[in-house]
Trainee: 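Mind having a look at this structure? Questions to follow.
We count ligands from 1, going down the list as the structure has it; atoms in each ligand are counted the same way. All values below were derived from every heavy atom in this structure, side-chain atoms included, with hydrogens, water molecules and symmetry-related copies excluded.
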Amino acid sequence: MKNLITGKNLLSGLVLLALSNTVVLANERAITYSEDIAAILFDKCSSCHNPDGIGPMSLLSYEEVRPWAPLISYKVERREMPPWHLDQTVGIQAYKNDVSLNAEQITKVIAWAQNGAPQGDPALTPPQPNLPDAGQWQLSSTLGAPDFVVKSPPYTVTANAQDQWWVRNTSFEGVIDEPRYVRATELKGSYPLGVKVLHHGHAQLRSFDDNGNRASGPVGRQGVGKGGDQFPEGTGMLIYPSGSINWNLHYFPINEIVPNEQAEAAVWLYPRGYKPEFETRGEQFFAADSGPGGLWANDLVLPPDSVKSLQGVRVLEKPALITSFRPHMHMRGRAQSLQAIYPDGSRKMLARVDKYDHSWQINYEFAEDAAPLLPQGTMLMITSTWDNTADNPNNPDPRQWVVFGQRGVDEMSHLWLGITYLSEDQFDRLTAERNARLTAASGE
Ligand code: HEC
C-alpha cells in the first residue's frame, strides 16, 4: 500500500500521520470505488453532484465518477472540494453543516486515483443516498407546508457566461397582516433548472418596526450543505408587515439557457400570538455602518502586488449567542477571522477562514454546544486579509491598485453573524445548561 499513497504534495504532517496510522494499517487490499470511495462521495459530494444539483456533473455511479477521478483527486487534495474554506488548525471545529473531508478520507481518495481509480466488486457498493426531492421544500417534511412563499423577479440565466451576481428588490406589503415570529426559512431556485443554476443567495427582509426603526432579517438563505434554516424551539425572528425583500442571488450558468428564473423563499411562522422566549435578528451585518469600530474597509487601498490586513472591533452591549459566521470579501480576499476578547482580557479565536473564495458564500453554522456564548462587554474582533499578489489564485490582475467598491474586482470586508441577544438570566441559564450537558457527556 505504502507506495500507492505517497502523494507528491500531500497537504500536511497531519495527512501523513493519518496515512501511516489508518490507511496502511487498516488492510492490505487496494482502495476501491465500491468499498471505500463511493461512501465518501455519497456522503460528502452527492448533495450537489447529482442530476438536479448545483455541481457541474453527477457523481452517483462508478461510470459517472471514473472520468473525473484525476480531477477529483486534485480538488480534494487541495481542499477545494467539497467547498469548506475554514482553517482547520484554529478556532471552533464543530459545525452543523460541515461538508469537509477528514485527513483519512482525503488520503484514500488520492491513493485510489493514483492507483488508477479501480472499481472493485460492484456488489460491495453501498446503496445510493436518498437525495431530497429538489422540487420540494426540504423543511416541509418536518414542518408541513410553509406559511408563505415569496418569489424574486424573473432573471434569464444565459447558457455560457461568467457567474452572475444579481440584486433586486420586491415589495413585502400585504404578505402578512400583523407582526409575526418566523420559525424557519428556506430558499431555492425554481425546479428543475433554477435549482441547478442558483449557486447561493439570500433574501433579506427590510422592514420597519412600530417605532420606525429598521428591522431587517433573512427570510431565505441558500448555502452549502443544507436546505433551510430552522431556529431552535423557542427562538424566533420578529417580522413586520411592511417594507421590501432584497434578493441577492448568485447564478452559475450550466450550458443551457434558464429563462425567467425566479428564486423562491418559503417562510414558516410560529402561531399567531405566540411569543418565543428568545428573539433573534437571524443574521446581523457586522461592519462600520452598524456601529463604531466595525470593519467595512471603505478606506482600503491595496497597492499592486501587496498583502494587507485590517482589523475592527465591536463591543457586545448585551450577552449573546453566536450561531453562525459568514465572511464576505471579494476576489483579493484571502482570510478572515473572528476573535473574542472577553471582559477579563483573555482572547479566543472563534473561527477563521484561510482559503476564502468569493464565488462561494459559505455560512458556517456552529454545532449547538460549540456556538460561542459571550458575556456582555465581549469585544468581537474581525481581521480581514487581502492578497493582491500572483499567489492568490483568484486574483484577476496583481498589477492593479484596488480600492473599496461593489464590483468583484473592487474590495470590501464585512461579516454576517447569526446572533441571538440574551438577558443576563438567559445567559446564565444557557451557560449552566451547556456546562451540565458537557460534564455529563465527558463523564460517560
Ligand atoms: C455544496 C455543493 C458541492 C459539494 C458538497 C461538492 N461540490 Fe464539487 N462542485 C460544486 C460546484 C458548484 C462546482 C463548480 C464550481 C466550482 O468549481 O467551484 C464543483 C466543481 C467540482 C469539480 C471540478 C469540475 C470541473 O469541471 O472543474 C470537481 C472535480 C468536484 N466538484 C468534485 C467534488 C467532490 C469529489 C466532492 C465531494 C468530496 C464535491 N465536489 C462536493 C459543488 C459542490
Side-chain angles (χ1 to χ4, degrees), residues 7 11 15 31 33 36-86 88 95-114 117 126 128-129 131-132 134 138 157 159-165 187-189 193-202 221-228 249-256 258 326 331 353 355-365 393-394 408:
L11 282 172
V15 174
I31 293 176
Y33 173 79
D36 308 278
I37 304 302
I40 298 174
L41 303 188
F42 289 170
D43 188 28
K44 300 288 187 171
C45 323
S46 67
S47 60
C48 297
H49 290 278
N50 70 68
D52 283 335
I54 61 166
M57 68 288 192
S58 174
L59 296 176
L60 288 174
S61 66
Y62 181 68
E63 289 66 33
E64 286 178 341
V65 169
R66 177 67 190 87
W68 294 98
L71 193 55
I72 289 174
S73 170
Y74 176 83
K75 293 270 178 185
V76 160
E77 179 173 357
R78 296 166 63 96
R79 290 187 184 259
E80 289 175 57
M81 280 289 148
W84 190 256
H85 304 141
L86 210 68
Q88 291 179 311
Y95 293 84
K96 284 182 187 163
N97 59 333
D98 190 347
V99 288
S100 66
L101 300 185
N102 63 33
E104 183 191 339
Q105 291 170 319
I106 294 176
T107 309
K108 276 187 178 174
V109 169
I110 298 169
W112 169 72
Q114 280 190 350
Q128 286 203 351
L131 293 170
Q138 291 186 35
V157 184
N160 288 295
Q162 297 285 336
D163 49 317
Q164 288 147 43
W165 183 245
L187 174 67
K188 65 177 180 65
L193 293 181
V195 289
K196 295 173 99 166
V197 282
L198 182 61
H199 183 267
H200 60 264
H202 48 120
R221 284 188 312 194
Q222 201 258 26
V224 172
K226 64 152 176 49
L249 305 168
H250 201 153
Y251 292 113
F252 265 43
I254 52 165
N255 249 331
E256 185 177 351
V258 183
R326 178 157 67 87
M331 290 163 135
V353 154
K355 290 180 293 296
Y356 182 79
D357 179 346
H358 173 53
S359 61
W360 287 95
Q361 295 294 304
I362 303 175
N363 189 39
Y364 298 91
E365 298 174 55
N394 301 321

Trainee: Over all heavy atoms of both residues, which pair between Gln164 and Pro253 is shortest? Give the atoms and the distance, please.
Mentor: NE2-CG, 3.8 Å
Trainee: Answer yes or no: is there a donor N or O on one side and an acceptor on the other, between the side chain of Asn97 and the main chain of Glu365, under 3.5 Å?
Mentor: yes
Trainee: Pick, from Ser47, Cys48, Ser46, Gly55, the option with the minimum heavy-atom distance to atom 4 (C) of ligand 1.
Mentor: Cys48
Trainee: In terms of atom number and element, which parts of ligand 1 are under 4.0 angstrom from non-hydrogen atoms of Phe252?
Mentor: 15 (C)
Trainee: Using a strict 4.0 Å cut-off to heavy atoms of Pro82, name the atoms of ligand 1 that fall inside it.
Mentor: 37 (C), 38 (C), 41 (C)
Trainee: Heavy-atom count around Gln162 CD within 6.0 Å, excluding the residue itself: above 12?
Mentor: no
Trainee: May I ask you to identify, for Pro83, whether its side chain, its backbone, both or neither come under 4.0 Å of ligand 1 on a heavy-atom basis?
Mentor: side chain
Trainee: Can Trp360 be said to touch ligand 1, with heavy atoms closer than 4.0 Å?
Mentor: yes
Trainee: Has ligand 1 got any nitrogen or oxygen that is less than 3.5 angstrom from a nitrogen or oxygen of Lys75?
Mentor: no
Trainee: Is there a side-chain contact (heavy atoms from CB on, under 4.5 Å) between Arg79 and Ile106? Walk through the geometry before answering.
Mentor: CA-CA 9 Å; Arg79 290 187 184 259; Ile106 294 176; 3.5 Å; yes
Trainee: Relative to each other, are the rings of Tyr33 and Trp112 parallel, tilted or perpendicular (30° and 60° limits)?
Mentor: tilted
Trainee: Tell me whether the rings of His199 and His250 are parallel (<30°), tilted (30 to 60°) or perpendicular (>60°).
Mentor: tilted
Trainee: Can you name the atoms of ligand 1, numbered from 1 with element, that are less than 4.0 Å from a heavy atom of Leu71?
Mentor: 23 (C), 24 (C), 25 (C), 27 (O), 29 (C)
Trainee: Mind checking the CG-CD spacing from Leu198 to Gln222? Nearest 0.5 Å is all I need.
Mentor: 4.5 Å
Trainee: In terms of atom number and element, which parts of ligand 1 are under 4.0 angstrom from non-hydrogen atoms of Met57?
Mentor: 22 (C), 24 (C), 28 (C), 29 (C), 30 (C)
Trainee: Report the member of Glu80, His49, Lys196 with the shortest heavy-atom distance to atom 40 (N) of ligand 1.
Mentor: His49
Trainee: Using the six-membered ring wherever Trp is involved, compare the ring planes of Trp165 and His200 and label them parallel, tilted or perpendicular (cut-offs 30° and 60°).
Mentor: tilted
Trainee: Ligand 1 and His199, any nitrogen or oxygen pair closer than 3.5 angstrom?
Mentor: no
Trainee: Can you list the atoms of ligand 1 that are under 4.0 Å from a heavy atom of Lys44?
Mentor: 5 (C), 37 (C), 41 (C)
Trainee: Could you work out, for atom 11 (C) of ligand 1, the closest of Pro70, Pro56, Ser73 by heavy-atom distance?
Mentor: Pro56
